[in-house]
J.: 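A single structure is presented below for examination.
Just so we're on the same page: letters track the sequence lines, and every chain starts at 1.
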There are 2 protein chains.
Amino acid sequence: MSDVPRISRQFSQRSVMEAIVQGGPISRASISKLTGLSKQTISEIVRGLEQEGWVQETGRTSGHVGRTAVTYELVHDAAYIIAVDLGGTKVRVALTDLACQIFAEAATPTDPRGGQFIIDQIAALAFQAAARERIPRKKIRLAVIGAPGAPDPATGRILLAPNIAGFDAMNVLDAFEKALGVAVMIENDVNLAVLGENWLGQGQGIDNLAYIALGTGVGSGLMLGGHLVRGATHAAGEIGFMPIGADPFAAESLRTGAFERAVATHAMTERYRSLTGAQVTVPAIFENAAMGDKAALAVLDETARYLAQGIAAIAAVANPEKVILGGSIGLRPEILSRVKALISLCFPYPVTIEAGELGARAALIGAAAIGLGQLHNTLFGVDAPDGRISLPTAQAAALKEVVL
Amino acid sequence: MSDVPRISRQFSQRSVMEAIVQGGPISRASISKLTGLSKQTISEIVRGLEQEGWVQETGRTSGHVGRTAVTYELVHDAAYIIAVDLGGTKVRVALTDLACQIFAEAATPTDPRGGQFIIDQIAALAFQAAARERIPRKKIRLAVIGAPGAPDPATGRILLAPNIAGFDAMNVLDAFEKALGVAVMIENDVNLAVLGENWLGQGQGIDNLAYIALGTGVGSGLMLGGHLVRGATHAAGEIGFMPIGADPFAAESLRTGAFERAVATHAMTERYRSLTGAQVTVPAIFENAAMGDKAALAVLDETARYLAQGIAAIAAVANPEKVILGGSIGLRPEILSRVKALISLCFPYPVTIEAGELGARAALIGAAAIGLGQLHNTLFGVDAPDGRISLPTAQAAALKEVVL
DNA sequence: TGATTAATTCGTTCTGTAACCGAACTTATT
DNA sequence: AATAAGTTCGGTTACAGAACGAATTAATCA
């Protein structure tokens with residue numbers, strides 16, 4: 001309400017930047033046509049952006065009638081962000097430049113000592129990567145951390161994250177900002193996965209999207225109407241507690257949710273044990289199933305049956321256009337095919353179900369996406385919390401190759 | 001992207017209007033303090049608004065040091081909107097002025113012939129009411145229709161609305177616009193109910209809110225992060241199809257959802273019949289329960305048990321701060337108390353559950369809310385689809401009395 | 001007690017500036 | 001000759017900010 005000085009330029013500057021980011025090398029005349037702003041204004045804004053070092057001349061057009069045009073492009077290395085996917089067993093760290101190119105991805109086991117050790121580990125990884133790529137620290141503007149649990153931006157704590165030792169008691173946000181020396185955003189890892197798939201994966205152009213990560217536990221990230229859904233206490237997507245599959249009124253369901261006890265790793269191994277007496281890992285169950293083991297096949301069928309019900313519940317509540325499966329179990333084609341067949345038997349409206357395209361890196365890419373969006377917002381645009389930039393997909397293709 | 005001419009004034013004008021709407025009679029100096037805009041600018045904007053007939057002088061301040069100030073107020077009758085709640089059995093029509101005062105509420109049985117007859121009926125009701133209140137047609141700017149089903153803004157059709165005859169085949173939006181002669185918005189009735197409770201009822205100031213309407217059928221409206229959730233095909237909240245309570249893989253569940261078959265009217269009467277052999281109505285079951293009838297009490301217990309599970313599912317997916325119960329069954333205190341007791345047994349995080357405060361009029365009030373927001377947006381502000389105005393609550397209190 | 005002065009707030013006028021637009025014009029190219 | 005790119009110039013709009021007059025109450029003083 002208060003303090004609204006001269007916002008107009010910010011708006012225009014932002015759309016000019018968006019045109020340049022997406023249009024690759026582009027002339028000022030083209031920007032003018034794209035944005036609807038006058039040529040004169042575009043020249044002014046581009047001059048400003050060039051002086052501040054965000055864009056640069058890259059060449060001239062040729063081969064058409066009329067005067068040649070000078071083309072402008074992003075200065076790719078004008079700023080960098082750190083993207084982190086912090087899991088219970090693995091940490092992934094990547095650096096992204098302004099043009100959405102990912103450098104220097106690194107993945108190592110999470111420091112088992114937890115707490116501050118993890119934070120130092122991540123900072124070390126990030127700075128090593130920066131040094132290797134000769135990226136000066138000053139150019140790193142932001143870090144986005146994906147982690148399990150419900151990060152509370154008010155207190156900087158992460159709630160409901162039993163997987164990571166020592167995080168429940170500390171102000172994780174502050175600790176990261178101190179260790180990294182830049183602004184830090186913390187977000188639930190599955191939420192980032194939806195963003196990642198929405199940007200570069202299965203969910204491109206889809207505004208109503210659900211991502212279900214199924215592995216040791218279950219979690220879901222929801223994008224509705226183009227916005228990430230976080231819920232009142234940032235616990236949206238904790239679908240492990242859906243009353244599906246096991247008795248929700250059993251005392252145990254208050255600790256480990258009914259749905260989680262029906263579909264996650266432990267459920268599958270237990271189910272196999274009760275059928276055969278043998279205690280084997282989940283990958284082994286998939287292997288056995290591939291060799292025709294009836295018990296293993298039954299386990300897959302039953303797991304898929306509950307998963308389909310879970311998807312039906314999500315679809316009934318939120319009506320996503322597509323549901324993307326991820327996580328070590330959710331990514332298996334054996335599960336996907338079964339769930340696809342079952343969903344139409346228990347839910348009347350069409351829901352597309354696909355496996356994630358980005359695999360285990362979905363959250364990391366999502367972190368990059370949200371970070372780039374945030375960076376563009378703070379640097380060039382209105383500081384609206386939900387102002388979305390459309391990141392370029394062209395360079396993104398290159399990115400995929402770089403990273404894989 | 002294109003066509004962004006002179007948007008600044010719109011922004012300022014909008015916040016000035018917001019200050020006047022909420023601040024009641026207010027001086028230009030106060031508006032300046034509230035908005036942060038200079039006194040000079042406020043004078044200019046207010047002068048413009050006055051010339052266009054949206055605000056007017058109402059008096060002067062007195063009793064304090066310093067010069068007296070001229071106060072300005074909304075011209076209440078500068079514009080009106082029609083709010084309609086179209087149900088399977090009843091139609092409610094109301095007229096609202098710019099100051100959010102509701103006039104001339106009328107409720108009559110829905111024309112059983114369906115289709116165009118209903119539309120004509122609503123138009124007649126609206127125009128009668130306008131005539132009675134001497135409201136000139138020209139001042140009616142917008143109509144908001146709440147109806148069961150999933151209105152598709154692209155085609156103007158309403159899908160999934162079996163309750164209302166003849167609506168599946170026609171372009172309802174066009175028909176309404178023709179009959180009423182104003183712009184029309186169609187929205188799901190339960191979605192409007194959340195908005196209503198969010199504006200004036202149980203959900204005031206709560207950005208993450210779920211509304212469950214339980215009666216002949218079940219439906220849910222979801223507000224997450226301050227935005228209404230509609231889903232990909234505007235079918236979000238069709239929670240009747242959650243795989244809870246009955247076998248979701250039964251063929252019947254594809255027609256009438258498992259959850260609906262577990263909690264709605266028919267489920268309760270069937271349950272009572274299977275226990276006693278007697279076929280009675282739902283109100284009778286509540287009466288019998290009040291008199292100690294064990295079968296009736298068992299029916300209530302079981303219904304509440306399933307309802308609690310449904311709420312747990314919604315809470316697990318969307319994490320609302322509060323869940324509001326509505327509909328003929330959901331509003332009963334016998335159900336509320338049972339569900340409140342049961343929810344903490346099957347869901348680990350706190351969820352507040354309350355009965356709706358606006359009763360059967362929630363959707364109508366929601367229609368007024370969304371219409372007023374839209375009107376303020378188109379008249380005074382940026383035409384952003386999600387630009388929310390904060391409607392005044394002060395006058396709203398008066399409204400409640402007017403309507404009841 | 002009344003008159004005078006001080007303090008305070010309201011609202012306007014005037015000047016200045018940033019951010020645009022549009023037309024006219026120059027320059028470069030096919 | 002036609003066309004497209006880019007600049008220059010003039011003009012408008014939406015603001016800010018300072019200065020100032022107007023209106024009112026509070027305090028002071030004769």
J.: Please tell me which of the listed nucleotides, dT12(C), dC10(C), dG6(D), lies nearest to the side chain of S27(B)?
T.: dC10(C)

J.: For S38(B), answer base if it contacts any base atom (sugar-phosphate contacts may also be present), sugar-phosphate if it contacts only those atoms, and nothing otherwise; contact means non-hydrogen atoms under 4.0 Å.
T.: base

J.: Taking atom P of dT27(C) as reference, at what distance in whole Å does atom CZ of R28(A) sit?
T.: 16 Å

J.: Atom NZ of K33(A) to atom P of dC21(C): distance rounded to whole Å?
T.: 16 Å

J.: Heavy atoms from C-beta onward define the side chain here; which of dA23(D), dG6(D), dC20(C) lies closest to that of T41(A)?
T.: dC20(C)

J.: Would a 4.5 Å heavy-atom cut-off, applied to side chains only, mark H376(A) and E18(A) as touching?
T.: no

J.: Roughly, in whole Å, what's the span from CD in E44(B) to P in dT15(C)?
T.: 15 Å

J.: Roughly, in whole Å, what's the span from NE2 in H64(B) to P in dC10(C)?
T.: 6 Å

J.: For L34(B) and dC10(C), what is the distance between atoms CG and P respectively, to the nearest whole Å?
T.: 12 Å

J.: How close do A83(B) and L364(B) get, counting heavy atoms only, and between which atoms?
T.: O-CD1, 3.4 Å

J.: Do L98(A) and D77(A) have side-chain heavy atoms sitting under 4.5 Å apart?
T.: no

J.: To the nearest angstrom, how far is I31(B) atom CD1 from dC10(C) atom C1'?
T.: 13 Å

J.: What I'd like to find out is whether the side chain of Y80(A) reaches to under 4.5 Å of the side chain of T96(A), using heavy atoms alone.
T.: no

J.: Hey, does the side chain of S43(B) come within less than 4.0 Å of dG11(C)'s phosphate (OP1/OP2), counting only N and O?
T.: no

J.: Quick check on dT9(C): is either OP1 or OP2 less than 4.0 Å from any side-chain nitrogen or oxygen of T68(B)?
T.: no

J.: For I206(B) and L209(B), work out which heavy atoms get closest and say how close.
T.: CG2-CD1, 3.8 Å

J.: Using a 4.0 Å cut-off on heavy atoms, which residues in residues 49-61 of chain A reach DNA chain D? List them by number, or say none.
T.: none

J.: Nearest-Å distance, CD1 (I26(A)) to P (dG6(D))?
T.: 11 Å

J.: Locate the shortest heavy-atom distance separating A19(B) from L34(B); write the atom from each residue and the value.
T.: CB-CD1, 4.0 Å

J.: Scan nucleotides 20-22 of chain D against the protein and return all N/O pairs shorter than 3.5 Å with their distances rounded to 0.1 Å.
T.:
{"unit_1": "dG21(D)", "atom_1": "N2", "unit_2": "R67(B)", "atom_2": "NH1", "d": "2.7"}

J.: Angle class for the F380(B)/W54(B) ring planes (parallel below 30°, perpendicular above 60°, tilted otherwise)?
T.: perpendicular

J.: Run T58(B) and T71(B) through side chain to side chain donor-acceptor pair (under 3.5 Å) and show every step you take.
T.: CA-CA 6 Å; T58(B) 42; T71(B) 56; 3.2 Å; yes

J.: I want to confirm an ordering. Mapping R47(B) and V65(A) to their closest nucleotides on DNA chain C, which one lands closer to the 5' end?
T.: R47(B)

J.: Any idea which heavy atoms bring A126(A) and L95(A) closest together, and the distance?
T.: O-CD1, 4.2 Å

J.: Let me know the distance between CD of Q13(A) and C1' of dA18(C), rounded to the nearest Å.
T.: 13 Å

J.: Taking side chain as C-beta onward, heavy atoms only, is L379(B) less than 4.5 Å from R141(B)?
T.: yes

J.: Looking only at the side chain of Q40(B) (C-beta and beyond, no hydrogens), which of the listed nucleotides dC20(C), dA23(D), dC15(D) gets closest?
T.: dC15(D)

